[in-house]
2 protein chains.
Amino acid sequence: MNNVIIETLAPIFTIEDSVFKILLVRKKTEPYKGYWILPGGIVNDDKTINECISENVLEQAGIDNLNFEQSYVFSDLDRVPDKRVIAVSLISIVDEFKIKSHQVSTNYEVAWFPIDQLPKIGYDHSNVIDVAISQLKIKLNQSKTLQQIFPSDFTLPEIQKIYEQVSAKELDRRNFRKKFLKLDLIEETGYKAQSVTGRPAKLYRFKQDIENVILF
Amino acid sequence: MNNVIIETLAPIFTIEDSVFKILLVRKKTEPYKGYWILPGGIVNDDKTINECISENVLEQAGIDNLNFEQSYVFSDLDRVPDKRVIAVSLISIVDEFKIKSHQVSTNYEVAWFPIDQLPKIGYDHSNVIDVAISQLKIKLNQSKTLQQIFPSDFTLPEIQKIYEQVSAKELDRRNFRKKFLKLDLIEETGYKAQSVTGRPAKLYRFKQDIENVILF
DNA sequence: ACAAAAGTGTTAACTTTACACCCATGT
DNA sequence: ACATGGGTGTAAAGTTAACACTTTTGT
């Protein structure tokens with residue numbers, strides 16, 4: 001006998017003003033009515049897990065064309081009340097610009113939360129989010145992941161702040177710059193960022209067809 | 001409607017005489033009768049995926065008390081003929097000594113194959129094995145993984161050969177030795193390996209409670 | 001002119017690489 | 001005694017780490 005249901009869950013991350021954020025949707029029905037949960041849904045027999053999560057994220061969060069990478073499978077017997085549901089979690093990383101220009105409205109209440117200021121989370125999704133965050137930090141050591149967050153212009157201080165958060169220690173600005181530039185992954189755009197205060201930083205972009213190298 | 005079945009699959013690796021091997025079982029029934037496949041089985045609603053794979057591996061391969069780490073989820077619609085089966089693959093790494101002293105006989109035909117000399121493989125398990133091998137190579141850069149393969153004595157040339165296979169390039173013996181010893185993970189046992197030819201190598205063991213560091 | 005953050009260069013410490021000879025064992 | 005593979009040291013090149021002053025902008 002086999003009453004196992006399989007669902008997908010999508011921790012979707014972005015960075016806004018050097019703050020890591022995750023997208024959550026508010027649950028409209030019991031159980032956990034009013035709580036925030038990850039987008040996702042049941043896998044039917046005519047869909048792969050990638051098709052399933054893409055459709056659910058579009059329907060619930062209004063974002064299309066994301067890339068997903070497998071995070072982890074959660075199979076505890078009591079992770080969903082009264083049913084046996086195994087969850088496959090799939091991480092996506094999206095840039096600020098894509099969200100602002102492409103996210104469409106849905107029938108769901110959707111919001112981005114800083115990862116250290118999460119609301120009340122339903123089911124075992126706190127656990128799913130914790131696992132995804134620790135994997136996100138590992139992924140951010142790869143140049144291709146960084147490129148997903150910064151497909152267009154960025155400044156070196158912005159990137160430095162990411163690494164200071166990921167490694168939880170401060171880095172020397174001069175050494176960071178030297179090391180990063182030596183990798184030969186990025187080039188100056190010739191433009192400068194808008195400075196809020198202080199000297200404006202140079203804007204850089206990733207070169208085309210970069211290698212996926214370990215950064216730090 | 002939901003006719004999705006979930007199964008576990010276990011690529012189990014060991015190293016014998018510096019050769020990477022994987023454990024396979026011969027399928028006794030159609031489809032793929034006579035082909036070799038990974039141990040594993042259907043997940044019922046009263047088992048986590050870890051419980052499921054542990055029981056299946058014990059029953060089929062006769063090995064108990066393995067540690068498993070998630071590899072990947074395979075959800076292509078046609079990966080199993082006539083049914084919709086999603087597979088969760090879980091890698092285990094086991095040492096030669098444990099196999100020889102603890103593996104018990106089962107009703108299955110079981111064998112270890114060098115990973116570059118695989119037999120005829122059933123279902124999509126070639127693909128599952130390929131994914132597992134590439135992840136195994138990444139894992140072998142961690143000290144804890146190496147310790148799983150060498151819980152007791154080993155020689156430095158043995159370990160060097162592993163890295164030469166993983167990185168597909170030759171390393172200098174003197175530099176390898178210096179770098180590895182400097183990590184302060186291992187200690188001399190005072191004994192020497194049996195030499196087939198040439199000077200016998202010193203035997204080392206891992207220290208207790210080592211850090212899980214990146215090796216190369 | 002001042003506050004705020006970005007940009008830049010040099011030196012010392014450390015790590016990595018390249019390289020050749022001797023040692024312990026079995027035959 | 002010889003063949004085979006293991007063990008050892010040193011010097012040059014490259015990388016990382018430590019450190020302070022100047023520049024550009026907004027107010």
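Just so you know, these numbers come straight off a predicted model, no measurement behind them. Numbers restart at 1 for each chain; the letters A, B, ... are given by sequence-line order, proteins then strands.
Counting to the nearest Å, the P atom of C/dT16 and the CZ atom of B/Phe180 are 14 Å from each other. Going from atom CG of B/Asn175 over to atom C1' of D/dG7 covers 13 Å, rounded to whole Å. A/Leu181 has its CG atom 14 Å from the P atom of D/dT16, to the nearest Å. Distance B/Lys179 NZ to D/dT15 C1': 13 Å, rounded to the nearest Å. Rounded to an integer number of Å, the gap from CG of B/Leu156 to C1' of D/dT8 is 13 Å. A/Lys182 places its NZ atom 10 Å from the P atom of D/dG14, with the value rounded to the nearest Å. For the pair A/Glu158 CD and C/dG7 P, the interatomic distance rounds to 11 Å; values are reported in whole Å.
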(message) side-chain contact (heavy atoms from CB on, under 4.5 Å) for A/Ile149 and A/Thr14? Distances and angles first, verdict last.
(response) CA-CA 7 Å; A/Ile149 303 185; A/Thr14 193; 5.5 Å; no
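A sub-4.0 Å separation between OP1 or OP2 of D/dT8 and a side-chain N or O of B/Lys202 is present. For the pair B/Arg177 and D/dT8, the criterion of a side-chain N or O lying under 4.0 Å from OP1 or OP2 is met.
Between the side chain of B/Lys178 and the base of D/dT10 there is at least one donor-acceptor pair of N/O atoms closer than 3.5 Å.
Each of A/Asn67, A/Ile49, A/Val57 was compared with A/Leu90 under the side-chain contact (heavy atoms from CB on, under 4.5 Å) criterion, and only A/Ile49 meets it. When the options A/Arg205, A/Gln208, A/Lys207 are evaluated for a side-chain hydrogen bond (donor to acceptor under 3.5 Å, both in side chains) with A/Glu187, the one that passes is A/Arg205.
Taking the six-membered ring where the residue is Trp, A/Phe150 and A/Phe154 present tilted rings, their angle falling between 30° and 60°. Between B/Phe176 and B/Phe216, the ring planes are parallel. Angles under 30° get that label, and only those over 60° would be called perpendicular.
Listed in residue order, the members of residues 159-174 of chain A having a heavy atom less than 4.0 Å from DNA chain C are A/Arg173, A/Arg174. Contacts between residues 185-199 of chain B and DNA chain C, defined by a heavy-atom separation below 4.0 Å, involve B/Lys192, B/Ser195, B/Gly198, B/Arg199, listed by number.
Using a 3.5 Å distance cut-off with no hydrogens or angles, the side chains of A/Gln135 and A/Ser71 do pair a donor with an acceptor.
The heavy-atom pair separating B/Ile93 from B/Gln148 by the smallest distance is O-NE2, 3.8 Å. Taking all atoms of both residues into account, the shortest heavy-atom contact from A/Trp112 to A/Ile12 is CZ3-O, 3.5 Å.
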Show every donor-acceptor pair shorter than 3.5 Å between a side-chain atom in residues 116-124 of chain A and any protein atom, with sequence neighbours excluded, or say none if there are none.
| unit_1 | atom_1 | unit_2 | atom_2 | d |
| --- | --- | --- | --- | --- |
| A/Tyr123 | OH | A/Lys27 | NZ | 3.3 |
| A/Asp124 | OD1 | A/Arg79 | NE | 3.4 |
| A/Asp124 | OD1 | A/Arg79 | NH2 | 3.0 |
| A/Asp124 | OD2 | A/Arg79 | NE | 2.7 |

